Trainee: 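Could you have a look at this structure, given as structure tokens, before my questions?
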Amino acid sequence: MPTKPKINLTGRDFISDLDFSIPETEAVLELAARLKKEYRSGIPHPILRDKTLAMLFFFTSTRTRGSFEAGMAQLGGHAAFIDSQTTQISHGDTAKEIGRIFGSYFNGIAIRQCDWDFGNKYINEVAEHSAAPVLNMQCDVYHPFQILADLLTIREFKGRNLKRRKIAVSWAYAASYQKPISVPQSLIIQLARFGMDVVLAHPPEYKLMPDILEKAEQGAAASGGSFRITHDMDDAFTDADVVYPKSWGCMLTTSDLKESAEIGRKYTSWICDERRMALAKPDAIYMHCLPADRGLEVADAVIDGPQSVVYDEAENRLHVQKAVMALTMGPKKAAVKKVAAKKTARKTSRR
Ligand code: CP
């Protein structure tokens, strides 16, 4: 019988979905499922007693803030909500200083920084200088905790083995704002390496980053899944097991907000409605990370309908984040030792 690999994530950052290997991600999901069960049964699990997490937000949040804060309390620790606008960052605190200083106060630093062509670089720079693990609460490139929650949710509804299950990751029209491309990017790279048949659908202007597409292709080739792109939402939905239609901005086409809005208005027919849901398998699930533009991205009848699992997804944010915090925010001594290795690794490294 094959032995389980020994997993030690103490002191590790989680910035890209691929920072954790498949066995490491499996360990996170296993612990998340256990913590969920215990939480629902009222069994306390103070794994991070007396530990602290800095939650640094440069962007609004409902679920991420609530679930990290609740999660740290449930693990016996404390999460400090820090709004960037009430810090001295605008008066000169650098990413290095934030890493060095918060890394000495806290056992973990979680950051949401979604500014285009900046957020991911900022988070990596903080991580380079932090003795404590750095967790990505969403940047311009990735939203890894959302996708861990999505993966747990898909497994709960479709079973543990996702090989050859079809997921439609589709653009949808929204008018509220140019949403980051991090959710579709993280979805395609994480789910392709878990063997799913990933179909990415978007109008031509809503491209994702070329290196992300490459990672999705590589993940699919290694896992026996598949990855393809279509410009037809109906094609993506046909016979899908999972549909994940959501809006994102056309940042790779234009940085002009007025032009972006004009481009978007050409594609108002890209909505997830009952007709499109009927193209998917009868037991297909509808997913959305929220917030959704109701009536534009999705019809009320779908998001509030029997195939929608949006509340399960939102709840699972809590459980996967607790698992990652419990596994990464270990004893300070171990974390400090890890930082040297972390810096060396980063020299060769990744985004
Ligand atoms: N899905 C998600 O990240 O929600 P918030 O933006 O509300 O945190």
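Computed over heavy atoms, backbone and side chain alike; hydrogens, waters and symmetry mates excluded. In each ligand, atom 1 is the first atom listed, and ligand 1 is the first ligand listed. What you are looking at is a predicted structure, and each value in this text was computed from that prediction instead of being measured.
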Trainee: Of the protein's non-hydrogen atoms, which lies at the shortest distance from atom 7 (O) of ligand 1, and what is that distance?
Mentor: Thr62 N, 2.7 Å
Trainee: Please determine whether any non-hydrogen atom of Met137 lies less than 4.0 Å from an atom of ligand 1.
Mentor: no
Trainee: Does Arg65 count as lying over the ring of Phe81, i.e. NZ or CZ under 6.0 Å from the six-ring centre, within 45 degrees of the axis?
Mentor: yes
Trainee: Closer than 4.0 Å to some heavy atom of His143 - which atoms of ligand 1 meet that?
Mentor: 2 (C), 3 (O)
Trainee: Can you classify the ring geometry of Phe102 versus Phe106 as parallel (below 30°), tilted (30 to 60°) or perpendicular (above 60°)?
Mentor: perpendicular
Trainee: Assign the ring pair Tyr177 / Phe59 to parallel, tilted or perpendicular, where the plane angle (0 to 90°) is split at 30° and 60°.
Mentor: tilted
Trainee: Strictly under 4.0 Å, does any heavy atom of Arg112 approach an atom of ligand 1?
Mentor: yes
Trainee: Angle class for the Tyr206/Tyr267 ring planes (parallel below 30°, perpendicular above 60°, tilted otherwise)?
Mentor: perpendicular
Trainee: Check whether any side-chain heavy atom of Gln138 sits under 4.5 Å from a side-chain heavy atom of Pro180, and report yes or no.
Mentor: yes
Trainee: Who passes salt bridge (Lys or Arg N to Asp or Glu O under 4.0 Å) against Asp304, sequence neighbours left out?
Mentor: Arg294
Trainee: Among all the protein's non-hydrogen atoms, which is closest to atom 4 (O) of ligand 1, and how far away is it?
Mentor: Arg63 NE, 2.9 Å
Trainee: Of the backbone atoms (N, CA, C, O) and the side-chain heavy atoms from C-beta on, which set of Arg65 has a member under 4.0 Å from an atom of ligand 1: side chain, backbone, both, or neither?
Mentor: neither
Trainee: Quick one: does Thr64 get an N or O within less than 3.5 Å of an N or O on ligand 1?
Mentor: yes
Trainee: Indicate if Ile285 and Leu187 have the same hydrophobic cluster label, given that clusters are the connected sets of ILVMFWY residues with side-chain heavy-atom separations under 4.5 angstrom.
Mentor: yes
Trainee: Under 4.0 Å from a heavy atom of Leu290: which atoms of ligand 1 are those, numbered in the order shown and with their elements?
Mentor: 1 (N), 2 (C), 4 (O)
Trainee: Nearest to atom 2 (C) of ligand 1, what protein heavy atom do you find, and at what distance?
Mentor: Arg317 NH1, 3.4 Å
Trainee: When you measure from atom 1 (N) of ligand 1 to each heavy atom in Pro180, Ala292, Cys289, Ala314, which option holds the nearest one?
Mentor: Cys289
